[in-house]
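To start, the structure itself, in structure tokens.
Labels below follow one simple rule: chain letters A, B, ... track the order of the sequence lines, proteins then strands, and each chain is numbered from 1.
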2 protein chains.
Amino acid sequence: MARRGYGQICGLSRALEIVGERWAMLIIRDLLLGPKRFTDLRQGLPRIPTNVLSARLKELEQAEVLQRRILPRPATAVVYELTDYGRELDGILMALGRWGARSMGTPEPDDIYTVDSLMMALRTSYQANEATRVPAEPVSYEVRVPGIVISLTVQDGELGISGGPQPDPDLVIEASDGFAALLTGTLTPSAAIENGSVRVTGDPELLTDFANTFRI
Amino acid sequence: MARRGYGQICGLSRALEIVGERWAMLIIRDLLLGPKRFTDLRQGLPRIPTNVLSARLKELEQAEVLQRRILPRPATAVVYELTDYGRELDGILMALGRWGARSMGTPEPDDIYTVDSLMMALRTSYQANEATRVPAEPVSYEVRVPGIVISLTVQDGELGISGGPQPDPDLVIEASDGFAALLTGTLTPSAAIENGSVRVTGDPELLTDFANTFRI
DNA sequence: CTGGATCCCTCACGATACTG
DNA sequence: CAGTATCGTGAGGGATCCAG
């Protein structure tokens, strides 16, 4: 009771009571990419305890940020999906992500990439670079970091993004920790290839386009 | 170190590790209105324990969101002020506040207005209504809710806002809980005056302008 | 297998008192 | 005024267990 609530009549206070609890915004981030099942969320948030995930989902449902929905047959499964109200957080979360990305130091040894966070990051930086983008379209990339594969296509200024591999990408980018440095610009594309922190299959020149398209 | 991070290489995760802790964003909200001393912050966040305030200030300083500065003489005092990096959260916090305001139900009995939250709210809604505003300028308002007085001036499309009274305002608006309902549009200006939840001194017609200018 | 609920332990938070 | 010190509580972390 005291834990809940800041005791102020204020929109920001109210917002923080809804989405300010630990893990809440990350759950929403993952759901922004589409409806998900309990186990999918658990997978995307490796360190979240199941009881906390459970509690957050109930709270966010209560606040009408998301809905619990039982999938029609034949696949009787429970999915969680954002409401329109919840989806309005999209821009805010992207802006916050962009803000926080500037403070990312070198990752802790056991920090990991997740499919959803990476998809969100690429989506965010693509949008942020809208003005300066040089369109050498259409082009398709496949990004691989340890345990993760993501497919990207750019065509007519539209970004397509999905988990998993794709057939015949123009460029395959394979990296680990160095990937973040590439996106933030700490590491130039050519230097990244030279020192081996990024490996590519395809025209190495495309990596420069990639870095420009998705620079944070 | 904060309560263990989220273990993800992600801008949003990083942002939440910095400003996602309890009270952090409210501290930043108050500092967005200008540098403040420890005691001022404490005043504006009535329920925050002093040790938590202390801890947050240290963490946020560490993250270069704010600076601790010792005021030059004669007033030897410590103030906290946002860095440029911290000030970039302005738009994000306003957007979040606007989002959360739509979920504000009826306030709890011991929820209160604070000077800073109210100033922030008015500033936010002023900006959000930029497109639809009808400029009947210049005009000055004095808003009074229990324990709080705020002065507003609108001139040349610029909003001036400060704590405390002002000489000779065009309209004095005195309200308590009903004030939020007026801003959200739940309560019309005329109904608010009629049922006594808002009292005005000056031309009652100006209350309609006010409500249009600052509608959430 | 999915979709959680339950247990225990720890630590961050909340309340209060106190100090330079 | 600007914090530090102390201590109790409950949310979160982690593992396990259980129903459909």
Check the distance between dC13(C)'s C1' and Trp23(B)'s CH2 and give it to me in whole angstrom. 11 Å

Applying side-chain contact (heavy atoms from CB on, under 4.5 Å), run through Ser125(B) and Arg98(B) and close with a yes or a no. CA-CA 8 Å; Ser125(B) 49; Arg98(B) 224 176 298 131; over 6 Å; no

Mind calculating the distance between CD1 (Ile27(A)) and P (dG12(D)) to the nearest angstrom? 11 Å

Distance alone, cut at 3.5 Å: any donor-acceptor contact between the side chains of Asn195(A) and Ser197(A)? yes

Is it the case that Arg22(A) places NZ or CZ above or below the six-membered ring of Tyr6(B), under 6.0 angstrom from the centre and within 45 degrees of the axis? yes

Side-chain donor/acceptor of Ser151(A) to backbone N/O of Gly164(A), under 3.5 Å: yes

Rounded interatomic separation in angstrom, taking CG from Leu71(A) and P from dT2(C): 15 Å

Whole angstrom is fine here: how far is it from CG in Leu57(A) over to C1' in dG12(D)? 15 Å

Is a donor on one side and an acceptor on the other found under 3.5 Å between the side chain of Asp170(B) and the backbone of Ser140(B)? yes

Compare every heavy atom of Met25(A) with every heavy atom of Leu93(A), then report the nearest pair and how far apart it is. CD2-O, 3.7 Å

Could you go through Glu17(A) and Arg14(A), starting from their C-alpha distance and side-chain angles, then the distance that decides it, and tell me whether this counts as salt bridge (charged side-chain N to carboxylate O under 4.0 Å, His left out)? CA-CA 5 Å; Glu17(A) 286 162 8; Arg14(A) 181 77 196 109; 3.1 Å; yes

Looking at five pairs on each end of the helix from dC1(C)-dG20(D) to dG20(C)-dC1(D), what is the angle between the two axes, given to 10 degrees? 30°

Protein-nucleotide distance (Glu59(A), atom CD; dA11(D), atom C1'), rounded to Å: 10 Å

Would you tell me if any nitrogen or oxygen in the side chain of Arg68(B) comes within less than 4.0 Å of OP1 or OP2 on dG3(D)? yes

Tell me which residues in residues 33-53 of chain A put a heavy atom below 4.0 Å from DNA chain C, sorted by number, or none. Arg37(A), Phe38(A), Thr39(A), Thr50(A), Asn51(A)

Could you tell me whether the side chains of Ser103(A) and Tyr85(B) share a donor-acceptor contact shorter than 3.5 Å? yes

Report yes if at least one side-chain N or O of Tyr80(B) is closer than 4.0 Å to OP1 or OP2 of dC1(D); otherwise report no. no

Measure the distance from CZ on Arg69(A) to P on dG3(C) and round it to the nearest whole Å. 13 Å

What is the minimum heavy-atom distance between Arg215(A) and Asn129(A), and which atoms define it? O-ND2, 2.6 Å

Give the rounded distance in Å between these two atoms: CZ of Arg22(B) and C1' of dC13(C). 8 Å

If you compare every side-chain N and O of Tyr6(A) against the phosphate oxygens of dG14(C) (OP1, OP2), does one of them come in below 4.0 Å? no

